[in-house]
There are 2 protein chains.
Amino acid sequence: MSQATLAPPPAIPAFRRLAALAPFDARADIALRDAARRARRIPIRQELLSEGKPVMDPQILLSGWAARTRILPDGRRQIMGLLLPGDLIGHCYQPEPLATSTIVALTDLEICPAPSAEDFPSLSCAYGISHALDESFLLAQITRLGRMNAYERLADLFLELLERLSMAGLTSEGAFDHPLTQELVADVTGLTPVHVNRVVKTMRQDGEVLWATGYLVLTAPGALASRIGWAPFRVSLSMPQRQ
Amino acid sequence: MSQATLAPPPAIPAFRRLAALAPFDARADIALRDAARRARRIPIRQELLSEGKPVMDPQILLSGWAARTRILPDGRRQIMGLLLPGDLIGHCYQPEPLATSTIVALTDLEICPAPSAEDFPSLSCAYGISHALDESFLLAQITRLGRMNAYERLADLFLELLERLSMAGLTSEGAFDHPLTQELVADVTGLTPVHVNRVVKTMRQDGEVLWATGYLVLTAPGALASRIGWAPFRVSLSMPQRQ
DNA sequence: CGAAGCATTGACTGGGGTCAACTTATGTGG
DNA sequence: CCACATAAGTTGACCCCAGTCAATGCTTCG
């Protein structure tokens, strides 16, 4: 037996995502379950990281949504990206890291300390890929804001969310639960809440989305993706392709 | 002597930047000079990385400017960020990395292989900080595109360039050389070339900038910074503060 | 049941895009 | 060294996407 024992697909969505990025061995799986037992609850609206302040030890987001935000002196707010179950928080490669953005809980959260990559080498691969994906989300966000119109921005964002949530097994048939208000979507997409509302109205009329508070359905994700030229994220040859 | 010998301030701008991020020892300095001797020239407009293709071994940009770009199916182009002397190219933490954006030379470049952090531990700190700064530039870019008007976008970009170039010693008195066309600035800031031209005209009339092809002067960087709420980048407590 | 937050809609405005013409560099070959 | 070609910068006229302002419903939850 030269091959390390792989853990079975995890039941916890957050860990299912990590395993989808790069399989890890049974030892790492045990460490993760153990960490999950020491999970901490974070109430909605609480800040996990504050821009300019030291960064906490690396954590895994077990459940709930969070946002990386920056606020301009005059109050304008931009959300740099959303954090979903299975995402990493506070993984840095520089010494004494300072937070470059504020992370705020959009729902009540569960987070747990991330087993260190040194102790569990089979996790470092998943961590590295997760990190690279994070960067890739930022690039997608830049393209959205810089070169897409309002309709495309919303569609592109929804497709990203669908893709990311599906890695954790949190979607079914193009549908997923979410805690987004139209104001939050506006702060992600660089629009105003009023205009988000108008665009959502159009998307509904087009039959592209069903949006109810807390719940979003993309009726034809594939068609929408090809219409706006959206493509899945790919940051490593070794990352398993989705079907 | 418990302290490692620190190298004197490097003469090459690219290395001066790295040393400014985190001091390294004489051994690393020698390795860098040695790498510089094996520098490669890249002609203008050549691609260093291509989106979706495997990433080359880690390199240091010794001289010249490059851009991280993404092109939408219909030809719209967005520049995610600019690469300046001393910036790192192709440093990834995931296995078998694939490029998430295309990197194209805006001028003739010199690049050299980056001495590995394993062989020269005193460099890993500078690499880590450089990596964190890169992310921080992406966040700045997102805020620019999402929540700033055209005037602020240009001012913010110019201040970022001034700050970054000054770390390599490539500025004097708010002035620096650059290879930017108004079309390139437009692709960075998410505007059209025509509108960039109009905004530059206003900035000239305001006395904020002197822009000639190849050369940019910010007449009062400090005042401009406080007017638009710009702040220097800070990603590590251990990173030396600028004066 | 009241209050606060969120969603929705209309009327109007304006920043930035589009189109097109023209001027000014840059440069390349004869 | 000039002639021509091409790229880059400049300007005006006009338009439209998205912002602003404001009023009105609709939930949700204490």
Side-chain angles (χ1 to χ4, degrees), chain A residues 43-45 65 67 72 74-79 104-108 144-157 177-206 209-216 228, chain B residues 43-45 65 67 72 74-79 104-108 144-157 177-206 209-216 228:
Chain A
I44 183 171
R45 273 179 290 278
W65 288 36
L72 301 190
D74 64 355
R76 284 175 284 181
R77 181 169 85 153
Q78 177 64 45
I79 292 179
V104 58
L106 299 181
T107 65
D108 292 335
R144 261 198 294 271
L145 295 173
R147 290 299 183 210
M148 294 188 184
N149 63 32
Y151 193 104
E152 292 168 325
R153 290 188 205 186
L154 291 205
D156 191 78
L157 174 64
D177 295 322
H178 70 82
L180 298 174
T181 62
Q182 295 185 354
E183 186 175 13
L184 282 170
V185 172
D187 284 339
V188 175
T189 54
L191 301 167
T192 56
V194 172
H195 198 62
V196 167
N197 184 279
R198 287 194 276 247
V199 174
V200 168
K201 184 182 178 185
T202 308
M203 295 180 114
R204 278 178 182 137
Q205 288 166 352
D206 290 357
V209 305
L210 303 173
W211 165 303
T213 20
Y215 192 67
L216 182 71
I228 69 160
Chain B
I44 183 170
R45 274 180 289 276
W65 289 37
L72 300 190
D74 64 355
R76 283 174 286 182
R77 180 169 83 151
Q78 177 64 44
I79 293 180
V104 58
L106 299 182
T107 65
D108 292 335
R144 260 199 294 271
L145 295 173
R147 290 300 183 209
M148 294 187 185
N149 63 33
Y151 193 103
E152 293 168 324
R153 289 187 206 185
L154 291 207
D156 191 78
L157 175 65
D177 295 321
H178 69 82
L180 297 174
T181 64
Q182 295 185 355
E183 186 175 13
L184 282 170
V185 173
D187 284 339
V188 175
T189 55
L191 301 167
T192 57
V194 172
H195 199 62
V196 167
N197 184 282
R198 287 194 277 247
V199 174
V200 168
K201 183 183 178 185
T202 309
M203 295 180 115
R204 279 180 181 137
Q205 289 166 350
D206 291 357
V209 305
L210 302 175
W211 164 305
T213 21
Y215 193 66
L216 181 71
I228 70 160

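Computed over heavy atoms, backbone and side chain alike; hydrogens, waters and symmetry mates excluded. Chain A is the first sequence line, chain B the second, and so forth, proteins listed ahead of strands; every chain is numbered from 1.
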Quickly work out the [X] [atom1] to [N] [atom2] distance and round it to whole Å.
| X | N | atom1 | atom2 | value |
| --- | --- | --- | --- | --- |
| R45(B) | dA7(D) | CZ | C1' | 10 Å |
| N149(A) | dA18(D) | CG | P | 5 Å |
| H195(B) | dA20(C) | NE2 | C1' | 18 Å |
| H178(A) | dC6(C) | NE2 | P | 13 Å |
| N197(B) | dT23(C) | CG | C1' | 12 Å |

note = Which of dA20(C), dA8(D), dA7(C) is nearest the side chain of Q182(A)? It is dA7(C)
inquiry  = On DNA chain C, does the nearest nucleotide to P193(A) precede the nearest nucleotide to G190(B) from the 5' side, or the other way round? Give the residue.
reply    = P193(A)
query = Counting any heavy atom closer than 4.0 Å, what does V200(A) reach on the DNA or RNA strands: base, sugar-phosphate only, or nothing?
reply = nothing
inquiry  = To the closest 0.5 Å, what do you measure between OG1 (T189(B)) and CG (L145(B))?
reply    = 7.5 Å
request  = May I ask you to decide if N149(A)'s main-chain N or O and R144(A)'s side chain share a donor-acceptor pair within less than 3.5 Å?
outcome  = no
message = Between R204(A) and dT8(C), is there a contact of a side-chain N or O with OP1 or OP2 at under 4.0 Å?
response = yes
request  = Identify, between T213(A) and R198(A), the residue whose nearest nucleotide on DNA chain D lies closer to the 5' end.
outcome  = R198(A)
